[in-house]
Amino acid sequence: MSEKAEKGIFEKIVDREIPADIVLENENFLAFKDINPKAPVHVLIIPKKYVKDFNGINAKMMGEMGEFILQVAEKLGVKESGYRLITNIGKDGGQEVPHLHFHLLAKRKLDGHFG
Ligand code: AMP
């Protein structure tokens with residue numbers, strides 16, 4: 001049985017039921033452009049397998065996801081200029097979509113504010 005009854009928006013993107021501007025994909029992860037970008041480059045990186053948030057990650061997924069994120073940064077050409085990775089967790093973390101994702105923001109000077 002699946003962990004939850006209804007398929008979430010990011011699972012629908014994984015299953016190609018709703019469109020997304022895909023940047024990179026492999027067997028386990030998907031990177032696509034955020035629909036409401038907060039920087040010239042704003043990409044979301046998700047595991048294809050449903051995990052609600054960072055609390056559900058394990059060492060294997062963290063390692064593989066880290067490698068994938070580096071491939072995304074390479075493809076976007078931002079490794080040298082720099083970028084910011086954010087993952088929001090739960091209500092106080094400001095998470096809106098309950099499917100683990102990292103935001104990769106780049107191509108503008110990001111300030112140091114949190115929230
Ligand atoms: P968070 O607040 O960390 O859960 O971020 C959710 C992000 O998902 C927001 O930045 C939204 O703009 C983005 N988002 C929501 N729906 C879509 C979609 N269909 N395609 C791309 N990005 C989306």
Side-chain angles (χ1 to χ4, degrees):
M1 224 169 85
S2 88
E3 279 187 59
K4 56 189 176 58
E6 274 189 38
K7 207 186 258 192
I9 192 158
F10 289 178
E11 287 166 291
K12 288 182 181 169
I13 288 175
V14 169
D15 291 342
R16 304 299 201 268
E17 289 171 14
I18 59 170
D21 194 343
I22 291 168
V23 171
L24 194 66
E25 176 172 23
N26 72 12
E27 192 189 341
N28 297 318
F29 303 100
L30 187 65
F32 54 94
K33 292 185 182 170
D34 196 294
I35 207 168
N36 182 20
K38 299 289 194 294
V41 168
H42 187 171
V43 169
L44 301 175
I45 297 145
I46 67 168
K48 291 184 173 177
K49 173 180 175 288
Y50 176 74
V51 175
K52 183 168 168 242
D53 60 34
F54 192 78
N55 289 333
I57 208 162
N58 59 28
K60 181 172 183 286
M61 182 180 279
M62 188 69 194
E64 292 175 358
M65 203 165 178
E67 284 182 359
F68 182 74
I69 289 170
L70 290 176
Q71 289 167 16
V72 173
E74 181 83 44
K75 182 158 186 189
L76 294 167
V78 301
K79 275 181 100 171
E80 300 310 318
S81 53
Y83 54 98
R84 182 171 292 176
L85 284 176
I86 299 169
T87 186
N88 298 320
I89 300 141
K91 187 163 64 70
D92 284 356
Q95 184 178 10
E96 286 171 7
V97 177
H99 184 133
L100 172 63
H101 54 280
F102 282 86
H103 297 255
L104 189 159
L105 298 134
K107 296 275 166 99
R108 79 169 164 84
K109 185 81 174 73
L110 294 152
D111 65 29
H113 295 147
F114 297 96

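All values reported here derive from a predicted model rather than from experimental measurement. Note that ligands are numbered from 1 as they come in the structure, with each ligand's atoms numbered from 1 the same way.
No option in N28, L100, V51 other than L100 meets the side chain to side chain contact (heavy atoms under 4.5 Å, CB included) test with M65. No option in M61, Q71, K48 other than M61 meets the side chain to side chain contact (heavy atoms under 4.5 Å, CB included) test with F29.
Taking only nitrogen or oxygen atoms, main chain and side chain alike, H42 does not reach within less than 3.5 Å of ligand 1. Between F10 and ligand 1, a contact under 3.5 Å exists for no N or O pair. Polar contact with ligand 1: present for V97 (N/O pair, distance under 3.5 Å).
Ring planes of H103 and H42: tilted class, angle from 30 to 60°.
Residue contacts with ligand 1 include G94, since one of its heavy atoms falls under 4.0 Å from the ligand.
Within the listing of ligand 1, atoms 12 (O) sit less than 4.0 angstrom from a heavy atom of N36. Interface atoms of ligand 1 facing I9, defined by a heavy-atom separation under 4.0 Å, are 16 (N), 19 (N). Within ligand 1, the atoms closer than 4.0 Å to a non-hydrogen atom of H103 are 1 (P), 3 (O), 5 (O), 7 (C), 10 (O), numbered from 1 in the order shown. Each of the following atoms of ligand 1 lies closer than 4.0 Å to a heavy atom of K33: 21 (C). Near D34, with a cut-off below 4.0 Å to any heavy atom, the atoms of ligand 1 are 7 (C), 8 (O), 9 (C), 10 (O), 11 (C), 12 (O), 13 (C), 22 (N).
The closest protein non-hydrogen atom to atom 1 (P) of ligand 1 is H101 NE2, 3.1 Å.
In this structure, of I35, L105, I89, I46, the residue bringing a heavy atom nearest to atom 23 (C) of ligand 1 is I35.
Contacts between K38 and ligand 1, counted as non-hydrogen atom pairs separated by less than 4.0 Å, are absent for every part of the residue. When heavy-atom distances to ligand 1 are checked against a 4.0 Å cut-off, L44 comes that close only through its side chain, counted from C-beta outward. At a 4.0 Å heavy-atom cut-off, ligand 1 touches N88 through the side chain alone.
K75 places a side-chain N or O within 3.5 Å of a backbone atom of V23 that can act as its donor or acceptor partner. The backbone N or O of E17 sits nowhere less than 3.5 Å from a side-chain atom of D15 that would complete a donor-acceptor pair. With hydrogens and angles ignored, the 3.5 Å screen pairs a side-chain donor or acceptor of Q95 with a backbone N or O of K52.
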Test I46 against I13 for side-chain contact (heavy atoms from CB on, under 4.5 Å), laying out the working first. CA-CA 10 Å; I46 67 168; I13 288 175; 5.5 Å; no
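Salt bridge annotation for E25-R16: present, with a cationic side-chain nitrogen under 4.0 angstrom from a carboxylate oxygen.
Neither F68 nor L30 shares a network with the other; the hydrophobic side chains, linked directly or stepwise wherever heavy atoms of I, L, V, M, F, W or Y lie under 4.5 Å apart, form separate groups for each.
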